[in-house]
Amino acid sequence: MKFAIQINEGPFTHQAADTAYQFTKAALENGHEIFRVFFYHDGVNNGTMYGVPPVDDRNVSALWSELAEKHDLDLVVCVAAAQRRGIMDADEAKRHGKGASNIAPKFRISGLGQLIEAGIQADRLLVFGD
Amino acid sequence: MSVTKKFVYINRKAPYGTVYALESLEVVLIGAAFEQEVQLVFVDDGVYQLTKGQSTEGVGMKNFSKTYAALGDYDVNQIYVDEQSLKERGLSMDDLQALTYEDEDDDWAEKSSMQLVNREQLAALIGDADVLLNF
């Protein structure tokens, strides 16, 4: 089956991103396709490369980057939600006069149309969050 | 993109206090460009999103309540309000903005976009959705 994933909460405060990660990993391991993972609301905070959790805890952002690297996942951070919360790639940082980008490897920034397209293209869209 | 699916947006939260209502509306407005069937449901505290006379000056939040009136222009005209949620909060349809659209198949007559639904109708509506977005 072809799944699309939407994640509405950031890392750590909510378990939603962890659950979405576990689901995505299990789906891929069982031969399903992940059309896209779309990060919205505080979910965009999963796309930061600057999280440094204690070494005995998981690093949610890094787990996503690794999974995306392994399976060539499309990790999309909503641009409008990201701008509000200070998640930027190099182009965005330059455009807004910010010193540096902070987006984690394998994440990309794009618009809400990518979420709607995922809803249209996938067999099922799963929403994780409150 | 020739596939047409039924997108149902469930709005469950108050307009302020969290960002979900505002960012849900942003998805609806962007999504309207994709020519899909769109239905909006307001349930639980979500019914407060449509209340008239919102004033946010005191809390320093952006008042986005006027944006709902533009939905008709985006061909978003299937808006369902859960009757029980209104009742539980001491509200009626009179407390809500009257959202309308112009019907192009009926000489652009102005018609109401809003429909009161009970829980049974709501369940059927959700069961009928291809894509369900909860906010």
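Letters A, B, ... are given to chains in the order of the sequence lines, protein chains preceding strands, and every chain is numbered from 1. Small disclaimer: the values here were computed from a predicted structure and weren't measured.
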Over all heavy atoms of both residues, which pair between [X] and [Y] is shortest? Give the atoms and the distance, please.
| X | Y | answer |
| --- | --- | --- |
| B/Val27 | A/Ile116 | CG1-CD1, 3.9 Å |
| B/Ser24 | A/His41 | N-CE1, 4.5 Å |
| A/Val127 | B/Leu132 | CG2-O, 3.9 Å |

Interchain contact, A/Ala80 with chain B, by part (heavy-atom threshold 4.5 Å): side chain
Contacting moiety of A/Arg124, where chain B heavy atoms sit under 4.5 Å: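 Neither part, no heavy atoms under 4.5 Å.
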Spacing of CG belonging to B/Asn134 relative to CZ belonging to A/Phe128, to within rounding of 0.5 Å: 12.5 Å
Is there a path from [X] to [Y] through hydrophobic residues (I, L, V, M, F, W, Y) whose side chains come within less than 4.5 Å of each other?
| X | Y | answer |
| --- | --- | --- |
| B/Tyr74 | A/Ile120 | yes |
| B/Leu22 | B/Val59 | yes |
| B/Val41 | B/Phe135 | no |
| A/Leu75 | A/Phe3 | yes |
| B/Tyr80 | B/Phe7 | no |

Chain A contact via B/Leu29 - side chain, backbone, both or neither, heavy atoms under 4.5 Å: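 Contact with chain A is absent: no heavy atom of B/Leu29 under 4.5 Å.
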Heavy-atom donor-acceptor pair, B/Tyr20 side chain to A/Asp130 backbone, under 3.5 Å: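 Side chain of B/Tyr20 to backbone of A/Asp130: no pair is present.
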Carboxylate-amine/guanidinium proximity below 4.0 Å for B/Lys5 and A/Glu117: no
Heavy atoms from other residues, nucleotides or ligands near NZ of A/Lys2 exceed 12 (cutoff 6.0 Å):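 For A/Lys2, atom NZ is crowded (more than 12 foreign heavy atoms under 6.0 Å).
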Side chain to side chain, A/Asp42 and B/Val19, heavy atoms closer than 4.5 Å: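 Answer no - side chains too far apart.
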